[in-house]
Q: 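I'd like to ask you about the structure that follows.
Chain naming here is simple, since letters A, B, ... match the order of the sequence lines and numbering starts at 1 in each.
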Protein chains: 2
Amino acid sequence: MKKLSLPKISEQIAAPLAAIAAPQRIAILLAIGTGEACVCHLETALGWRQAYISQHLMALRKADILQDRREGRYIFYRLKNASFLDLITASATLSGLSAESVSTLINAQNHPACECPQCAPALIPLNSL
Amino acid sequence: MKKLSLPKISEQIAAPLAAIAAPQRIAILLAIGTGEACVCHLETALGWRQAYISQHLMALRKADILQDRREGRYIFYRLKNASFLDLITASATLSGLSAESVSTLINAQNHPACECPQCAPALIPLNSL
DNA sequence: TCGTTATATTCGTAAATTCGAATATGTCAG
DNA sequence: CTGACATATTCGAATTTACGAATATAACGA
């Protein structure tokens with residue numbers, strides 16, 4: 001088997017963690033959850049500026065954590081690997097949060113104030129956030 | 001159940017990740033592994049300056065990831081929760097590394113070039129003292 | 001083609017982080 | 001007490017990162 005040095009392997013392991021280890025990125029990943037989300041959805045879900053969200057999405061894309069898919073004017077983002085959510089849940093547990101309190105925030109659903117093609121069809125009141 | 005906001009919860013989740021998400025910290029945590037290690041052990045295992053290691057140890061202590069125990073002149077560090085290693089392994093898997101290649105690096109054992117009280121006994125006959 | 005909408009990118013500065021150098025603290029032996 | 005050793009802490013310059021502002025691109029409808 002290939003022998004890897006500790007420094008080399010540590011760098012490789014740190015890369016995805018570094019991309020995720022920011023409150024804003026965690027929030028984005030939780031908002032996307034196991035489904036898909038367009039930027040405008042994240043805009044209303046998180047209440048941030050569009051360009052700001054795009055910047056973080058770009059970082060997550062570069063880190064190979066997110067993949068994007070264009071559909072007309074919209075671009076939908078999705079986790080490349082659902083295990084990234086497990087990583088987040090694991091970290092939540094380690095900081096004393098219940099797995100349940102996290103899972104209720106993992107949101108692949110519609111947002112009431114969002115009018116993107118995913119949310120608009122349904123008008124389900126959601127008392128999240 | 002307590003209702004937590006997405007920004008708040010994201011910040012809490014990000015905290016331990018941010019503390020871990022650096023190649024140096026990963027290397028330290030892997031070197032400590034499931035056992036204990038004094039600073040001098042890490043010094044020889046990693047080949048870094050003492051003060052530099054202490055700085056990273058301080059960060060990990062503040063993040064509540066490591067705990068320390070003094071024994072005479074030596075201070076031994078140990079993970080507060082072995083699950084932090086699982087977090088690292090999970091991240092390794094996500095970056096395409098085999099779990100095995102990581103586990104061989106998780107090192108609670110002696111280091112041949114280390115003369116700290118944990119390692120030395122195996123190398124130096126007691127009757128030479 | 002033009003305007004509108006959805007999203008991306010570039011740029012500059014403020015804020016945070018990194019890491020070396022120097023120094024401090026705490027413990028033990030003599 | 002003194003010196004040696006293990007480790008911690010402080011400080012500051014250099015590098016990196018965060019984020020707002022402005023601008024660019026791409027798709028669609030008219």
Q: If the cut-off is 4.0 Å, is A/R61 near the phosphate of C/dT9, judged by side-chain N/O to OP1 or OP2?
A: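 For C/dT9, OP1 or OP2 has a side-chain N or O of A/R61 closer than 4.0 Å.
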
Q: Does C/dT18 have its OP1 or OP2 closer than 4.0 Å to a side-chain nitrogen or oxygen of B/R25?
A: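 Yes, B/R25 has a side-chain N/O under 4.0 Å of OP1/OP2 on C/dT18.
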
Q: Is a side-chain N or O of A/T89 found less than 3.5 angstrom from the main chain of A/L85, in a donor-acceptor match?
A: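 Yes, A/T89 side chain to A/L85 backbone: donor-acceptor pair under 3.5 Å.
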
Q: Let me know the distance between CD1 of A/I28 and P of C/dA8, rounded to the nearest Å.
A: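 That distance rounds to 11 Å.
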
Q: Starting at the 5' end of DNA chain D, which residue's closest nucleotide do you reach first, A/H56 or B/C38?
A: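 It is B/C38, whose closest nucleotide lies nearer the 5' terminus.
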
Q: Provide, to the nearest angstrom, the distance between the CD atom belonging to B/E71 and the C1' atom belonging to D/dT7.
A: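 In whole Å, D/dT7 C1' lies 15 Å from B/E71 CD.
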
Q: Does A/R49 pair with A/E43 as a salt bridge, N-O distance under 4.0 Å?
A: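 Not counted as a salt bridge, because no side-chain N and carboxylate O are separated by less than 4.0 Å.
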
Q: Rounded to whole Å, please give me the gap between NZ in A/K62 and P in C/dT10.
A: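 Atom NZ in A/K62 sits about 8 Å away from atom P in C/dT10.
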
Q: Please state how far atom CZ in B/F76 lies from atom P in D/dA6, giving the value in whole angstrom units.
A: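 Rounded to whole Å, this separation is 12 Å.
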
Q: State, without any angle test, whether B/E100 and B/T104 hold a side-chain donor-acceptor pair at a distance under 3.5 Å.
A: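 No pair is found: no donor N or O on one side chain lies under 3.5 Å from an acceptor on the other.
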
Q: Which nucleotide sits closest to the side chain of A/R73: D/dT7, D/dA27, C/dA8?
A: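 My answer, after comparing the listed nucleotides, is D/dA27.
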
Q: Select one nucleotide: of D/dG20, C/dT7, D/dT9, the one nearest the side-chain heavy atoms of A/Y52.
A: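 So the side chain of A/Y52 is nearest to D/dG20.
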
Q: Considering every strand and a 4.0 Å limit on heavy-atom distances, what is the contact class for A/A22: base, sugar-phosphate, or nothing?
A: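 Nothing, no nucleic acid heavy atom in range.
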
Q: Starting at atom CG of A/L57, determine the distance to atom P of C/dA6, rounded to an integer number of angstrom.
A: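 My rounded result for the distance is 16 Å.
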
Q: What does B/Q24 touch in the nucleic acid at a heavy-atom separation under 4.0 angstrom: a base, only the sugar-phosphate, or nothing?
A: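 Result for B/Q24 = sugar-phosphate.
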
Q: Determine whether a donor-acceptor pair (N or O, by modelled atom type, separation under 3.5 Å) exists between the side chain of A/S101 and the backbone of A/L97.
A: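 Looks like no, no N/O pair under 3.5 Å.
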
Q: To the nearest Å, give me how far apart OH (A/Y74) and C1' (D/dA27) are.
A: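 Going from OH in A/Y74 over to C1' in D/dA27 covers 11 Å.
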
Q: Atom CG of A/L60 and atom C1' of C/dT9: how far apart are they, to the nearest Å?
A: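 Result: 16 Å.
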
Q: How many whole angstroms separate atom CD of A/E43 from atom P of C/dA6?
A: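 For the pair A/E43 CD and C/dA6 P, the rounded distance is 9 Å.
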
Q: Can you find a side chain N or O atom of A/Q55 that sits less than 4.0 Å from OP1 or OP2 on C/dT10?
A: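 For C/dT10, OP1/OP2 do not have a side-chain N/O of A/Q55 under 4.0 Å.
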
Q: Do B/R25 side-chain atoms and B/A19 backbone N/O form a donor-acceptor pair below 3.5 Å?
A: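 It does hold such a pair.
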
Q: For D/dA6, does the base pair up with any side-chain atom of B/Q50 as donor and acceptor (N or O, under 3.5 Å, distance only)?
A: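 For B/Q50, whose side chain was compared with the base of D/dA6, there is no donor-acceptor pair (under 3.5 Å).
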
Q: Just to confirm, is there a sub-4.0 Å distance from OP1 or OP2 of D/dG20 to any side-chain nitrogen or oxygen of A/R49?
A: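 True: A/R49 side-chain N/O within range (under 4.0 Å) of D/dG20 OP1/OP2.
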
